[in-house]
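Structure record follows, encoded as structure tokens.
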Amino acid sequence: MLIQAIDSGTRQAALQISGAVIVSRGRMHKLAELPGYCAVLDGKVHAAIYYCCRDGECEIVSLDSKTENIGAGSRLIERVVEEAACAGCTRVWLITSNDNSKAIRFYQKRGFDLTAVHREAITEARKLKPSIPLTGYDGIPVRHEVEFEYRLD
């Protein structure tokens, strides 16, 4: 598996995995405008991560994979953590939804700590992105953002 920067040759395939727009902490992110990395296996993009570094912090805006349990997500996170450290960031942080227990376990296993639950943040985010579903995994109502961080200092 090759981990590489998302470029003109991989951007469309990466966007098909992740979608075009992500809302986190009340901010709309257009993934086509963000830097990122992708995992390529057998000439095909299997996973993608997008991030945004500013003010000494790095937000993982999106991490999605078509193929689970091949290490792609872990390797993509490692690459963004390296990038954030080189950029002088003090933390890498991300948001997931309250229903996504699989992601919550995934991030904790990779050293991310739960730092906040932003109540009704996804309810508010629907004003910017109405396509966010009302119900998520296991029939759980999607309402809250769950924030995790990985400290670099």
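Position 1 is the first residue of the sequence; numbering continues from there.
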Practice task
Tell me, please, which residues at least two apart from His118 pass side-chain hydrogen bond (donor to acceptor under 3.5 Å, both in side chains).
Solution key: Arg25, Glu147

Handout entry: salt bridge (Lys or Arg N to Asp or Glu O under 4.0 Å) pairs, two or more places apart, involving residues 126-136
Key = Glu124-Lys127

Exercise for the section: Only counting residues at least two apart or in another chain, list the ones meeting salt bridge (Lys or Arg N to Asp or Glu O under 4.0 Å) with Lys102. Expected result: Glu68

Fill in the blank from the handout: With sequence neighbours left out, the residues meeting side-chain hydrogen bond (donor to acceptor under 3.5 Å, both in side chains) with Gln4 are none

Fill in the blank from the handout: Smallest heavy-atom separation, Arg11 atom then Ala32 atom, equals NH1-O, 3.5 Å

Handout entry: Partners meeting side-chain hydrogen bond (donor to acceptor under 3.5 Å, both in side chains) with Asp153 (sequence neighbours left out)
Key = Arg151

Handout entry: Side-chain touch Ile70/Met1, heavy atoms, less than 4.5 angstrom
Key = yes

Exercise for the section: Could you go through the side chain to side chain donor-acceptor pair (under 3.5 Å) check for Ser65 and His46 one step at a time? Expected result: CA-CA 6 Å; Ser65 182; His46 282 262; over 6 Å; no

Exercise for the section: Applying salt bridge (Lys or Arg N to Asp or Glu O under 4.0 Å), name anything that partners Glu33, two or more places apart in sequence or on another chain. Expected result: none

Problem - Reported CD-to-CG distance for the pair Gln16 and Asp64, which is rounded to 0.5 angstrom - result: 13.0 Å

Handout entry: hydrophobic_cluster_shared for Leu94 and Val92, side chain cutoff 4.5 Å
Key = yes

Exercise for the section: First locate atom CG of Leu134, then atom CD1 of Ile140, and finally report the distance between them rounded to the nearest 0.5 Å. Expected result: 14.5 Å

Handout entry: With sequence neighbours excluded, residues passing salt bridge (Lys or Arg N to Asp or Glu O under 4.0 Å) with Glu59
Key = none

Handout entry: Linked, directly or transitively: Val80 and Tyr150 (ILVMFWY side chains, under 4.5 Å)
Key = yes

Handout entry: Cluster overlap Tyr37 with Val45, hydrophobic side-chain contacts below 4.5 Å
Key = no

Exercise for the section: Hey, could you give me the CD1/CZ distance between Ile49 and Arg75, rounded to the nearest 0.5 Å? Expected result: 13.0 Å

Completion exercise
Under a side-chain separation threshold of 4.5 Å, the hydrophobic residues clustered together with Val61 are Ile6, Leu15, Ile22, Leu31, Leu34, Tyr50

Fill in the blank from the handout: Rounding to 0.5 Å, atoms CG (Asn98) and CZ (Arg119) come to a distance of 9.5 Å

Problem - Side-chain hydrophobic cluster, 4.5 Å single linkage: members besides Tyr137 - result: none

Completion exercise
One should read off an interatomic distance between Lys66 NZ and Ser18 OG, to the nearest 0.5 angstrom, of 10.5 Å

Problem - Within-4.5 Å side-chain heavy-atom neighbours: Ile3 and Leu76 - result: yes

Fill in the blank from the handout: One should read off an interatomic distance between Cys38 SG and Leu2 CG, to the nearest 0.5 angstrom, of 7.5 Å

Just distance, no hydrogens or angles: give the donor-acceptor pairs under 3.5 Å from side chains in residues 104-113, sequence neighbours left out.
from: Arg105; atom 1: NH1; to: Ser101; atom 2: O; distance (Å): 3.4
from: Gln108; atom 1: NE2; to: Ile104; atom 2: O; distance (Å): 3.2
from: Arg110; atom 1: NE; to: Ser74; atom 2: OG; distance (Å): 2.6
from: Arg110; atom 1: NH1; to: Phe106; atom 2: O; distance (Å): 2.9
from: Arg110; atom 1: NH2; to: Ser74; atom 2: OG; distance (Å): 3.2

Exercise for the section: Kindly say whether Gly9 contributes a backbone atom to a donor-acceptor pair with the side chain of Asp7 at under 3.5 angstrom? Expected result: yes

Practice task
Give the cluster check for Leu152 versus Leu114: same hydrophobic cluster or not, with ILVMFWY residues linked at side-chain heavy-atom distances below 4.5 Å.
Solution key: yes

Exercise for the section: For Asp99, enumerate each residue passing the side-chain hydrogen bond (donor to acceptor under 3.5 Å, both in side chains) test, keeping only those at least two apart in sequence or located in another chain. Expected result: Ser97

Handout entry: Any Tyr51 side-chain heavy atom under 4.5 Å of Pro35 side chain
Key = yes

Handout entry: Cluster link Val81 to Phe148, ILVMFWY, side chain under 4.5 Å
Key = yes

Problem - Shortest non-hydrogen separation from Ile95 to Ser24 and the atoms involved - result: CG1-CB, 4.0 Å

Problem - Partners meeting salt bridge (Lys or Arg N to Asp or Glu O under 4.0 Å) with Arg79 (sequence neighbours left out) - result: Glu82, Glu83

Exercise for the section: For the residue pair Ile132 and Ile122, establish whether any side-chain heavy-atom pair is separated by less than 4.5 Å. Expected result: yes

